[in-house]
Amino acid sequence: LSSALPGLGLGGSGSGNGNVTVNQTTVMANAYYDFWADQAFTPYVGAGVGVAFVNVTGNSSSTLGVPPISINGNTNVNSNSTQFAYQYMMGVGYKISPNLRVNLEGRYFGTTQPNFQGNGSLSAGGASLPFGVSGSFPNNNFSVMASLQYKFGAPSVPPPPPAAPM
């Protein structure tokens, strides 16, 4: 993130830059339901709940100069939060063999809104003015995934037909 403010009409100029990084680790418990599980093509749905550990870090700096004054600003954010997480899945699988299936899935993932906090300061002419930074942001996404699914154990064998009466 960077910007420049050339020629403000007052013979001044300005510039700024910064970055924000959001890291997230989730632990989820999911449940799936297969429709027509014994067919070659198997549509399925699923849902999950869990917890997300969200870490937000960022900093920015800017300078605005209007002669004879130069204003400098700096902001730092470093915040960790734990959020409720949820997801919904739907897809279709193709049975390659009795134990192997390839899946194509769409997944919506979201959390409650993580908060962040930080601090900053403005300085000009030797004086400094501190300030706080805080807020929240929506945390959700949609993804498309492909996967291979292997089912352990031998496929069930149907029981033999009953013996003919004599």
Side-chain angles (χ1 to χ4, degrees), residues 1-34 42-94 100-152:
L1 173 67
S2 65
S3 63
L5 305 170
L8 296 174
L10 301 172
S13 64
S15 65
N17 62 59
N19 63 49
V20 174
T21 302
V22 177
N23 292 312
Q24 177 173 275
T25 301
T26 59
V27 178
M28 304 293 294
N30 299 317
Y32 287 90
Y33 180 78
D34 288 346
T42 305
Y44 63 91
V45 295
V49 295
V51 64
F53 305 99
V54 183
N55 175 268
V56 180
T57 57
N59 59 55
S60 68
S61 63
S62 58
T63 301
L64 177 62
V66 179
I69 299 172
S70 178
I71 302 172
N72 298 309
N74 294 299
T75 306
N76 293 302
V77 174
N78 190 354
S79 189
N80 297 306
S81 64
T82 303
Q83 304 296 318
F84 172 72
Y86 52 93
Q87 60 187 2
Y88 307 104
M89 298 79 71
M90 67 180 343
V92 65
Y94 177 72
L100 188 62
R101 184 170 95 178
V102 62
N103 298 314
L104 183 62
E105 176 177 298
R107 180 177 298 204
Y108 173 82
F109 172 85
T111 71
T112 51
Q113 290 191 337
N115 297 313
F116 61 89
Q117 298 131 355
N119 57 49
S121 65
L122 292 174
S123 58
S128 180
L129 174 66
F131 62 89
V133 177
S134 65
S136 65
F137 57 94
N139 186 22
N140 51 45
N141 69 62
F142 182 79
S143 58
V144 176
M145 301 189 310
S147 64
L148 284 175
Q149 178 182 4
Y150 183 80
K151 295 181 180 181
F152 292 95

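The residues of the chain are indexed from 1 along the displayed sequence.
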**More than 12 heavy atoms of other groups within 6.0 Å of Phe131 CZ** =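 Correct, the count exceeds 12.
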
**Prompt:** In terms of heavy-atom contacts, does CE of Met28 have more than 12 from other residues, nucleotides or ligands at under 6.0 Å?
**Reply:**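 It does: Met28 CE has more than 12 such atoms within range.
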
Can you list everything that forms a side-chain hydrogen bond (donor to acceptor under 3.5 Å, both in side chains) with [X]? Sequence neighbours excluded, please.
{"X": "Asn30", "answer": "Gln87"}
{"X": "Asn74", "answer": "none"}
{"X": "Asn76", "answer": "none"}
{"X": "Asn78", "answer": "none"}

**Request:** For Val92 and Asn103, run side-chain contact (heavy atoms from CB on, under 4.5 Å): C-alpha distance rounded to whole Å, both residues' side-chain angles, the deciding distance at 0.1 Å, then the answer.
**Result:** CA-CA 6 Å; Val92 65; Asn103 298 314; over 6 Å; no

**Request:** Could you note down all residue pairs passing salt bridge (charged side-chain N to carboxylate O under 4.0 Å, His left out) where residues 102-130 supplies at least one of them, sequence neighbours left out?
**Result:**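 Of all non-adjacent pairs touching residues 102-130, those that pass salt bridge (charged side-chain N to carboxylate O under 4.0 Å, His left out) are Glu105-Arg107.
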
**Request:** Any pair with a residue in residues 113-125 that passes salt bridge (charged side-chain N to carboxylate O under 4.0 Å, His left out), sequence neighbours left out, goes on the list, sorted by first then second residue, please.
**Result:**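 Passing the test, one end in residues 113-125: no pairs.
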
Who are the side-chain contact (heavy atoms from CB on, under 4.5 Å) partners of [X], not counting sequence neighbours?
{"X": "Val51", "value": "Val27, Phe53, Thr82"}
{"X": "Thr111", "value": "Gln24, Ala52, Gln83, Ala85, Phe109, Pro114, Asn139"}
{"X": "Tyr108", "value": "Tyr86, Tyr88, Asn140, Phe142"}
{"X": "Val49", "value": "Phe84"}

**Request:** Identify, with sequence neighbours excluded, every residue that meets ring pair (Phe, Tyr, Trp, His ring centres under 6.0 Å) alongside Phe137.
**Result:**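 Applying ring pair (Phe, Tyr, Trp, His ring centres under 6.0 Å) to Phe137 gives none.
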
**Interatomic spacing from OH in Tyr32 to OG1 in Thr42 - rounded to 0.5 Å** =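 One gets 14.5 Å once the value is rounded to the nearest 0.5 Å.
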
**Message:** What I'd like to find out is whether the side chain of Val77 reaches to under 4.5 Å of the side chain of Thr57, using heavy atoms alone.
**Reply:**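 Side-chain contact under 4.5 Å: no.
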
**Item:** Evaluation steps, side-chain contact (heavy atoms from CB on, under 4.5 Å), between Phe116 and Val20
**Value:** CA-CA 11 Å; Phe116 61 89; Val20 174; over 6 Å; no

**Item:** Qualifying side-chain hydrogen bond (donor to acceptor under 3.5 Å, both in side chains) pairs, either residue in residues 113-132, two or more places apart
**Value:**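 side-chain hydrogen bond (donor to acceptor under 3.5 Å, both in side chains) check on residues 113-132 returns Gln113-Ser136.
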
